Number of protein chains: 2
Amino acid sequence: MYLCVMKQYSLSEENYLKTIFHLEQIADGNVSTNDIAEKMETKASSVSDMIRKLGEKNLVDYIKYQGVTLTDRGRKTALRVIRKHRLWEVFLVEKLDFQWDEVHEIAEELEHIESEELISRLDAYLGHPEFDPHGDPIPDANLRIAKIEKRLLSELRIHQRGICVGVHESDNDFLQYLDKRQIGIGTKVFVEDIETFDGSMTILVDDNRYFISKKIAENIYVQIT
Amino acid sequence: MYLCVMKQYSLSEENYLKTIFHLEQIADGNVSTNDIAEKMETKASSVSDMIRKLGEKNLVDYIKYQGVTLTDRGRKTALRVIRKHRLWEVFLVEKLDFQWDEVHEIAEELEHIESEELISRLDAYLGHPEFDPHGDPIPDANLRIAKIEKRLLSELRIHQRGICVGVHESDNDFLQYLDKRQIGIGTKVFVEDIETFDGSMTILVDDNRYFISKKIAENIYVQIT
DNA sequence: TTTGAAGTTTAGGTTACTCTAAAAAAATAT
DNA sequence: ATATTTTTTTAGAGTAACCTAAACTTCAAA
């Protein structure tokens with residue numbers, strides 16, 4: 001019996017699949033060429049080329065001018081990469097003491113290391129974590145991914161309480177902004193006041209009172225408590 | 001003050017430098033195109049192309065038809081890659097419980113991950129190891145590499161004792177051969193007899209007597225005790 | 001329903017790396 | 001010293017990924 005595990009997909013292909021996966025989560029329908037190009041900081045023509053190729057390999061369903069959707073195979077491949085990315089992030093933070101705003105770029109590289117065995121051992125070594133340092137769920141070995149009841153902090157009403165469970169865009173500057181205020185995954189927040197004019201909020205975190213813009217509130221996920 | 005750490009060299013360039021470094025260790029003079037081609041399992045013409053390019057980038061000194069030597073810059077780059085490779089091997093064996101014959105291929109990929117910070121933290125996490133699982137010395141942060149008094153087991157004379165400190169070629173089959181006989185780094189061996197005809201040896205390891213061919217003995221490094 | 005703008009694809013070119021085949025240089029044997 | 005073999009380089013071409021510019025669809029406003 002032969003179990004040939006060879007290089008399946010190129011670095012570039014994996015990155016496209018990952019991006020398409022993320023865009024599918026937001027825009028419910030087909031993902032457009034332009035959206036992919038923007039997210040990947042490349043040109044639409046390059047994207048066109050690549051999705052044709054991904055189509056031929058049965059990783060996406062693609063009709064010209066109509067955008068793409070991942071096939072089952074494509075989605076699984078994307079999830080495998082995302083699993084690796086998030087596990088490495090946990091490793092970097094938990095074992096190597098990186099800050100949560102320092103790990104994304106490194107994990108972008110590590111996520112393309114091939115070995116299945118490596119990932120399964122890493123997963124065990126980390127104690128099968130369910131969430132990465134930004135609160136995003138980690139697909140398990142069967143690529144099943146937890147869905148949690150979360151909503152944006154900006155959706156909370158006055159005097160509601162919540163626990164911070166994640167961030168929307170993990171931009172480094174934003175993560176540092178949170179760090180400075182000691183806001184992280186698990187932090188309890190209380191909405192003291194909401195400015196109806198611009199949607200900005202006054203929140204209580206531990207014994208501190210912070211004034212945050214709507215844009216900030218739209219970037220933090222909470223679970224209502 | 002700006003410290004711009006950008007992608008210095010391509011995966012392919014790094015692999016060439018590493019190979020040239022290893023070949024320089026063996027053949028004392030210039031390294032030939034053909035030797036590089038053979039070691040890298042590629043064609044001499046590809047090598048010619050690449051060393052011209054490495055020459056232009058001041059990573060090797062290259063005179064046509066005369067082979068190459070690494071420049072200081074080239075050697076440092078090679079050592080940086082080797083440092084990463086060996087540290088990752090330690091990680092895989094010590095933390096993820098891989099066997100010493102399972103780590104080479106994975107480390108071949110991991111060695112190209114960029115971040116200096118990552119390596120410095122990994123190094124600290126592993127306790128600044130001096131040797132990798134095969135007994136090869138790990139260059140330190142300043143790229144200094146330990147030299148140890150080692151010689152091939154085949155060079156020992158009858159009735160001499162030694163401690164196994166490394167292997168010459170870490171071929172997987174060979175490593176498994178050693179595993180089966182419980183021979184590893186630190187194992188004490190005693191040369192009971194040498195067959196003058198073919199150089200094969202009878203050795204004592206713990207309470208076991210093994211008969212090994214000259215080829216095997218030429219692949220094991222020992223320190224005489 | 002046309003028409004212009006926006007979005008998408010195609011055509012053709014660039015770069016990095018690889019290859020085969022042929023030419024050139026160096027080493028070796030006669 | 002010349003001929004033959006080996007080694008090395010060059011020439012020319014292929015592939016993957018990217019780009020610009022031009023052509024083609026689609027969509028939406030007039």
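Numbered from 1 within each chain, the chains take letters A, B, ... in sequence-line order. This is a predicted model, so every value here is computed, not measured.
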[atom1] of [X] versus [atom2] of [N]: gap in Å, rounded?
X      : N       : atom1 : atom2 : result
E13(B) : dT15(C) : CD    : C1'   : 12 Å
E38(A) : dT8(C)  : CD    : C1'   : 15 Å
E41(B) : dC19(C) : CD    : P     : 11 Å
M50(A) : dT8(C)  : CE    : C1'   : 17 Å
E14(A) : dA16(D) : CD    : P     : 16 Å
Y16(B) : dA16(C) : OH    : C1'   : 12 Å
K43(A) : dT20(D) : NZ    : P     : 4 Å

_Which residue is it: K84(B), K18(B), R80(B), R83(B)? I am looking for the one with a salt bridge (Lys or Arg N to Asp or Glu O under 4.0 Å) to E111(B)._
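Going through the options one by one, the only one that passes is K18(B).
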*Do D198(A) and S200(A) have side-chain N/O donor and acceptor atoms under 3.5 Å apart?*
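Note: D198(A) and S200(A) side chains meet the donor-acceptor criterion.
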*Residues H168(B) and N219(B): side-chain donor-acceptor under 3.5 angstrom*: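 Checked: H168(B)/N219(B) side chains show no N/O donor-acceptor pair below 3.5 Å.
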*Answer yes or no: is there an ion pair linking K215(B) with E169(B), defined by an N-O contact shorter than 4.0 Å?*
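Salt bridge: no.
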_Taking K39(A) first and then D35(A), would you say they form a salt bridge - that is, a charged N and a carboxylate O separated by under 4.0 Å?_
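A salt bridge is absent here (no side-chain N lies under 4.0 Å from a carboxylate O).
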*Sugar-phosphate means primed atoms, P, OP1 and OP2; the rest is base. With that split, encode nucleotides 7-15 of chain D 5' to 3' as B, S or - using protein heavy atoms under 4.0 Å.*
SBBB-----
_Under the rule for salt bridge (charged side-chain N to carboxylate O under 4.0 Å, His left out), what residues qualify as partners of E117(B), not counting sequence neighbours?_
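Listed in chain order: R121(B).
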